[in-house]
Structure formats: structure tokens, C-alpha cells
Number of protein chains: 2
Amino acid sequence: MKKSIENKSVKMRDVADHVGVSVATVSRALRNPEVVSEALRTKIAAAIESLGYLPDPAARALASTRSDVIGVILPSVTNNVFSAVMDGIYSAAEGTRYSVQLGYSRYAPLSEENLIRLFLRQRPTGLIVTGIDQTDAAKALLQEADCPVVQIMETGPAPHDRMIGFSHYQAARAATAHLIAQGYSQPGFLGARMDPRTQRRLQGFRDELRAHGIDEGRRVHSTTYPSSVTLGGHLLAQLMDAAPETDAIFCINDDLALGAMFEAQRRNLRIPQDLGICGFNDMEMMGAAEPSLTSVRTFRREMGAGAVQLILDALSDGARSDGNIVDLGFEIMPRHSTRRNS
Amino acid sequence: MKKSIENKSVKMRDVADHVGVSVATVSRALRNPEVVSEALRTKIAAAIESLGYLPDPAARALASTRSDVIGVILPSVTNNVFSAVMDGIYSAAEGTRYSVQLGYSRYAPLSEENLIRLFLRQRPTGLIVTGIDQTDAAKALLQEADCPVVQIMETGPAPHDRMIGFSHYQAARAATAHLIAQGYSQPGFLGARMDPRTQRRLQGFRDELRAHGIDEGRRVHSTTYPSSVTLGGHLLAQLMDAAPETDAIFCINDDLALGAMFEAQRRNLRIPQDLGICGFNDMEMMGAAEPSLTSVRTFRREMGAGAVQLILDALSDGARSDGNIVDLGFEIMPRHSTRRNS
DNA sequence: AGAGTTAATGTAAGCGGTTACATTCGTCAA
DNA sequence: TTGACGAATGTAACCGCTTACATTAACTCT
């Protein structure tokens with residue numbers, strides 16, 4: 001594999017000259033191999049290899065009015081939940097000609113709107129956005145976008161185009177139902193960074209309580225602060241002070257659950273006898289904790305990979321088969337922290 | 001703020017016509033405002049606003065032979081350590097005209113080399129790469145790169161250009177010294193995903209033991225598997241079975257430390273009396289855990305933000321002030337898990 | 001007043017690909 | 001033999017900006 005030393009800036013022109021054809025033929029060999037004769041195709045491939053030619057994405061994008069990037073807009077960099085999604089996205093994009101461009105909205109709808117505008121300007125191959133709570137302007141932009149758009153993390157009515165996720169409402173109801181089934185009669189709720197998505201989880205919690213005729217009392221504690229393990233401890237402390245009758249908690253995510261567990265230990269509350277704990281997302285540590293912690297497993301990596309696949313499908317289908325919703329569901333992972341009934 | 005409905009594809013041409021100037025003037029108003037008259041500048045700004053014009057990055061990159069992207073190559077998507085770095089990078093890039101392009105090498109040097117090649121093809125404004133263990137080919141590419149290159153996460157000799165990080169070796173020595181100072185005489189080592197960077201931490205651990213005349217015995221346990229909380233538990237189990245005299249552990253990262261803590265609890269080992277635990281990175285949960293866990297704090301967000309700043313500096317400096325190394329240091333955060341001496 | 005500056009703007013040639021259209025050439029049916 | 005046709009390749013315009021160079025107008029200076 002002798003690569004040219006001088007591959008500083010090999011252009012298509014150089015490859016063409018090397019083979020003795022026009023640049024158009026080289027371009028075709030790359031984009032529509034089937035229209036180029038077998039003989040030339042192999043010669044061109046060899047020249048590309050030996051010269052170490054790599055196409056200039058900017059020139060490509062400009063000429064073809066379409067860039068080979070898949071735009072992804074997520075609310076947070078640091079949140080583990082989204083790193084798993086990213087992992088799925090990058091894995092699925094690997095090996096394709098598409099590259100991923102990431103943007104972070106920091107949970108700010110307006111910032112998300114601007115990112116959408118910015119990304120659309122690049123005429124991306126596809127766009128992946130998080131959730132269903134865009135601003136009206138953003139919705140309009142997505143509606144008019146001339147590329148596949150996939151909404152991830154949630155399912156819901158009227159997707160812009162395609163959608164892959166699960167129902168946060170149903171997941172929360174199921175988790176709450178699990179607590180009740182385990183014999184807990186006074187479940188509480190711990191939430192942080194209450195955005196529309198987590199609000200739907202709260203709604204699921206409430207509706208499930210109501211379905212069992214349980215009053216929520218003063219057992220719902222949440223804050224708009226970003227979630228953390230420390231915060232989980234604080235929230236549990238608040239909750240127990242305000243509502244000592246609480247015998248179980250459903251936490252909006254696993255960090256809060258872990259923090260609550262530590263706080264429970266500090267307070268000498270026995271888990272699961274005195275306090276049942278259920279988290280959300282089922283991150284790896286949940287099974288490893290002592291005691292192991294019940295959580296709602298969600299398929300984050302699959303969501304990311306699936307979103308990319310949906311875009312690739314849309315590209316080949318051509319036909320915009322609207323209303324394409326993929327529900328990945330969720331799974332309650334019962335562990336020691338809620339095992340009161342066995 | 002009445003945005004045009006038809007901002008589908010407003011180009012510079014449209015802005016120019018709207019104001020009654022040539023596109024060159026509009027372009028200059030955007031890139032070198034100081035050479036355009038005050039009057040035109042404001043008119044142009046107004047037109048841009050009212051038409052909702054956004055420049056086409058591909059065209060810009062092609063014409064200027066320089067794209068406004070900062071390339072970043074990290075080994076892992078999911079590792080928390082790097083999400084903090086990314087957070088710093090994105091924050092620092094926000095508000096500038098530069099956008100971030102991320103690539104993941106999955107800890108594979110060859111994959112990193114390809115990414116470098118790919119990124120360089122875009123003639124980026126700057127490049128951020130992780131660590132100092134590139135392949136020879138990759139090193140050559142970086143050396144010839146015609147943009148600032150910043151190596152992050154580590155300090156060391158002979159940076160390609162600039163460098164921001166800390167000494168993993170020194171940090172590990174300091175952590176080990178802390179354990180010894182707390183009266184632990186048989187410290188062990190838990191490692192996972194042993195790459196060159198973590199190898200240097202192991203070296204620090206060993207040298208510090210030697211400096212105190214302590215034999216490492218059979219107390220160094222590590223694996224090439226990716227790190228996880230679960231794995232931390234397994235490793236501690238292995239370690240205690242192989243070397244029951246162990247009275248403290250230095251873990252390559254906080255996940256392992258947390259897992260080890262849970263395993264210690266399962267084994268009824270008292271922390272910190274029977275077993276001292278020290279992690280690495282000081283993630284948020286360390287202080288919130290029960291018992292709270294000692295760790296080595298590293299400045300990851302600052303590393304990311306600092307790297308971007310170094311690039312911006314290099315751009316304005318012009319002069320390649322070689323050998324520019326920023327050592328952010330580290331800090332031992334003593335907590336309950338190693339508090340035997342007080 | 002005339003020449004020389006300087007500041008502000010316009011003109012037009014690219015940047016490196018893509019692609020519609022033109023051209024060439026061999027094949028085949030009439 | 002000849003024209004039609006299809007496959008393979010070439011020609012050249014164009015994608016939306018940037019920028020070197022040319023041009024013009026307004027001053028400054030002797």
C-alpha cells in the first residue's frame with residue numbers, strides 16, 4: 001500500500017489525468033459506478049488508491065446541492081441517556097458515506113430552532129431531532145424540510161415524518177403499577193429538570209395512582225434543576241420530611257434513584273422493606289448497585305441506530321410513507337430495591 | 001421580526017440585489033466589516049435580517065479553502081469522561097463562527113488515523129485529538145496539517161503543536177501516595193480498558209509503591225474489557241480472592257471504584273477501615289455516594305474549553321509559538337472512603 | 001491645479017466537484 | 001450499405017461564495 005507522499009491535495013483532476021479520462025468519468029465512477037465501463041472503473045479505483053485521493057466534501061455538497069451529513073440535535077451532551085443514543089447513531093452511520101453532525105440545544109427550544117435552521121442550510125441527507133416539543137417555527141421548518149426527518153426518544157401523534165422511541169407516559173404508568181403490585185401503597189415521585197418529556201412521566205405516575213384510588217398527597221417532589229446523584233439525595237430528604245408515610249419512590253432517572261438510595265442508607269431506611277426505589281433508563285450501574293436497583297429499561301442505542309436506519313430507508317424508498325412510527329417500547333427490570341413481595 | 005416566508009433559499013445574491021450592491025460587498029461586510037462603509041454595513045445587516053439569509057457553509061468552504069469547523073477526535077462516545085470534555089468544547093465554540101465536528105475512534109489508533117485524514121480533507125480551522133499515542137502515519141499527518149492541532153487529556157513531551165491536559169502518571173502517584181499516607185500498607189490496583197493512558201497510571205502506582213518500599217504482590221488486577229460498575233465489582237472480587245491482605249485500592253476510574261464499593265459492601269468489608277477506595281476523575285456521584293468516595297479530580301470541561309481557546313489563540317497569534325503546553329493539573333479529593341487516619 | 005493617495009466598491013476568476021447535454025463509436029435491423 | 005440506437009465518455013455550465021485586481025471618487029499635498 002504505497003500511498004503518495006504528496007497526497008496533500010490530490011483532486012479529482014489528478015486522478016482523471018493519471019488514468020487518462022475526464023473528471024466527469026471519475027465523478028461518475030464514484031457516484032454511479034454502473035454507467036462506467038468495468039475496465040475504467042477498476043483503473044480509476046486503482047488510481048484513487050495509489051494517489052490517496054479523498055473527495056472534498058464542500059465541493060461535493062456545493063455541486064450536488066446535497067451534503068452527506070446527517071444532522072442530529074440533542075438536548076444535552078453530558079446526560080448519559082443521550083450518549084447511548086449517540087453511540088447508536090455513530091455506529092449505524094459508520095461504513096456509510098454519511099457523516100454525523102451534532103448539535104446541542106441545552107434543553108432550550110429556541111436554541112433547537114436555530115440549530116434546525118442552521119443544519120437545514122447545509123441541505124443534509126437527513127435530520128434527527130429529539131422529542132416532540134419543538135417551537136412552532138421549528139415545526140414549520142421541519143415540515144418544509146426536503147430531507148427525511150426523524151424524531152427520536154418518543155412516540156406520539158402526528159410525526160413530522162418518521163419517529164422512533166417509546167411512550168414515556170406508558171413507561172411511567174408501568175413503573176408505578178409495578179410499585180403498587182409489590183405492595184407499596186404510598187408511592188412518591190422524584191423529578192428533576194422537568195421538561196415536557198418528564199412531565200409526561202409525571203402524568204403517567206399520577207394517572208396510575210388515580211386508577212388505584214391512591215392520593216398523591218405531598219409525595220411529588222421535583223425541581224427544574226439539572227439532575228444529579230446529589231440532587232437525588234436532597235429530593236428524597238425533602239420528600240421524607242414532607243411525607244414520612246412514603247414507602248416507595250419512582251425516580252425520573254437513575255441518577256436520582258442512586259442518590260435516593262444513598263440518602264436512604266444514610267437515614268437507615270431499609271430497602272426494599274421501608275422504601276422501594278425505582279429508577280428510569282436502566283443504566284448499567286443499576287444492576288451492579290448494592291442493593292440492586294429496579295429500573296425501566298429503555299432502548300437508547302437502538303433508538304439512535306434505528307433513527308439512522310429510518311433515514312437510509314426513506315432515501316431508498318423515495319416514497320414518503322408518512323406516519324411511520326417505530327415504538328421500541330420499554331421493559332420493567334425488577335430488582336432487589338422493589339422486591340417486597342416474594 | 002418579520003422573517004420572509006420564502007427563506008427557503010436566500011442567497012447572497014438576493015441580499016446584494018435587495019441593497020443594490022454587488023455580492024462582493026456583501027461578502028466583505030460579513031468577513032471584513034471594517035473595509036465596508038458604515039452606511040452599507042447597516043443596510044446589509046438589515047437586509048440579511050429581513051430576508052433571513054444564512055450563508056451556505058459548503059460554498060464558503062470551497063471558495064475560501066477553509067471550513068469553519070473544528071474537528072474533534074475522541075476515543076469513546078459513552079464514556080462520561082469525554083462527555084464532560086465535549087461539553088467544554090461545545091460551550092467554548094458556541095458564539096463563535098465555528099462549528100464542531102466530532103469523530104469517534106473507539107480506542108482504535110488506526111481508526112483515529114483515518115478520521116484525522118478525513119477531517120484534514122475538510123481543511124478545518126483546527127483539530128483536537130485525544131492523547132499522545134497516535135500511529136506514526138497519524139503523527140505525520142498532524143505534523144503537516146496546516147491548521148492548529150491541540151492534543152488533549154494529557155501532557156507530555158513534544159506536542160505536535162499545542163497540548164492541554166495533565167500528567168496521568170503524576171496523578172496516579174499522588175493518589176497512591178494519599179492511600180499510603182492514610183496508613184494503608186497493601187494497596188491494590190484495579191484497571192480496565194488498559195490503553196497507553198491508563199498504563200501510565202499503572203506506572204505511577206507502581207513507582208510510588210516502590211518509592212515506599214512496598215511490594216505490589218498479586219494486587220494489580222486489570223483487564224482490557226471496557227470499564228463498568230459491574231466490572232469494578234468483579235475485579236475487586238478477583239483481587240480479594242487472590243490477595244486477601246489488600247487493604248486499599250486505587251481504581252483507574254470512578255465506575256470501577258463504585259462497583260468495588262458495592263462489592264465491598266456485599267462482602268461486609270468496612271470502608272474505610274478494612275478497605276480504602278480511591279477512584280479517578282471525580283465524577284459527580286463520588287461525593288454523593290454513601291460512604292463518599294475519594295477520587296482524583298480532573299478538569300475535563302476545562303480541557304475541552306481550553307483546547308478550543310488554544311485554537312482561537314493560535315489563529316490570532318499567527319505565530320506558531322511551539323511547545324505550548326497547558327498543564328491543568330489534578331486534585332486529590334479525600335473523602336470518607338479513605339479516611340482512616342483522622 | 002495636478003499628481004498622488006486612500007477608501008470604497010465593482011468585476012470576474014476561481015474553489016473542486018456534479019450533471020445535463022453533446023459526441024463518438026460499435027452494433028444491428030432493414 | 002446505411003441509418004437508428006444505445007452505451008460509454010467528453011464538454012462545459014453551474015453550485016454559492018471569496019478574493020485578487022481594477023475602477024472610481026474623494027482628499028491631501030506641494
Side-chain angles (χ1 to χ4, degrees), chain A residues 7-45 47-48 51-69 97 99 118 120-125 146, chain B residues 7-45 47-48 51-69 97 99 118 120-125 146:
Chain A
N7 68 353
K8 301 275 313 184
S9 192
V10 184
K11 6 210 96 136
M12 192 175 274
R13 172 83 265 154
D14 302 317
V15 176
D17 290 351
H18 193 263
V19 179
V21 295
S22 71
V23 293
T25 303
V26 177
S27 175
R28 277 188 294 252
L30 257 32
R31 323 223 14 128
N32 296 79
E34 65 280 8
V35 307
V36 175
S37 69
E38 174 75 30
L40 277 187
R41 232 185 306 162
T42 53
K43 270 175 149 178
I44 289 172
I48 286 175
L51 295 177
Y53 168 74
L54 283 174
D56 180 329
R60 238 161 145 68
L62 183 55
S64 66
T65 62
R66 171 97 0 211
S67 71
D68 287 346
V69 339
R97 51 188 269 209
S99 67
L118 209 61
L120 249 24
R121 197 67 187 84
Q122 302 186 40
R123 289 169 252 100
T125 291
D146 72 335
Chain B
N7 68 353
K8 300 275 314 183
S9 190
V10 183
K11 10 211 93 137
M12 193 176 276
R13 173 83 266 156
D14 303 318
V15 176
D17 290 351
H18 192 263
V19 179
V21 295
S22 71
V23 293
T25 302
V26 178
S27 175
R28 276 188 293 251
L30 256 32
R31 322 221 17 127
N32 296 78
E34 66 279 8
V35 306
V36 175
S37 68
E38 175 75 29
L40 278 186
R41 232 185 308 161
T42 52
K43 271 175 147 177
I44 290 172
I48 287 176
L51 296 177
Y53 168 75
L54 282 174
D56 179 329
R60 239 171 161 44
L62 184 56
S64 66
T65 63
R66 173 95 353 202
S67 71
D68 287 346
V69 338
R97 50 188 268 211
S99 67
L118 208 61
L120 249 24
R121 196 68 186 85
Q122 303 185 41
R123 289 169 251 97
T125 292
D146 73 334

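Just the heavy atoms: all of them, side chains too, but no hydrogens, waters or symmetry mates, feed the values below. In the text below, chain A, chain B and the rest are named by the order of the sequence lines, each starting its count at 1.
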Q: Walk me through it: do K11(A) and D56(A) pass the test side chain to side chain contact (heavy atoms under 4.5 Å, CB included)?
A: CA-CA 8 Å; K11(A) 6 210 96 136; D56(A) 180 329; over 6 Å; no
Taking the side chain as everything from C-beta on, heavy atoms only, tell me whether [X] gets closer than 4.5 Å to [Y].
{"X": "Y53(A)", "Y": "I44(A)", "value": "no"}
{"X": "R60(A)", "Y": "R31(A)", "value": "yes"}
{"X": "V21(A)", "Y": "V15(A)", "value": "no"}

Q) In terms of side-chain geometry, is the basic nitrogen of D68(B) or R123(B) positioned less than 4.0 Å from the acidic oxygen of its partner? A) no
Q: Take nucleotides 7-17 of chain C nucleotide by nucleotide from the 5' end and write B, S or -, depending on whether a protein heavy atom sits under 4.0 Å from the base, only from the sugar-phosphate, or from neither.
A: -SBBB--BBBB
Q | Interatomic distance where CG belongs to N32(A) and C1' belongs to dA7(D) [whole Å] | A | 14 Å
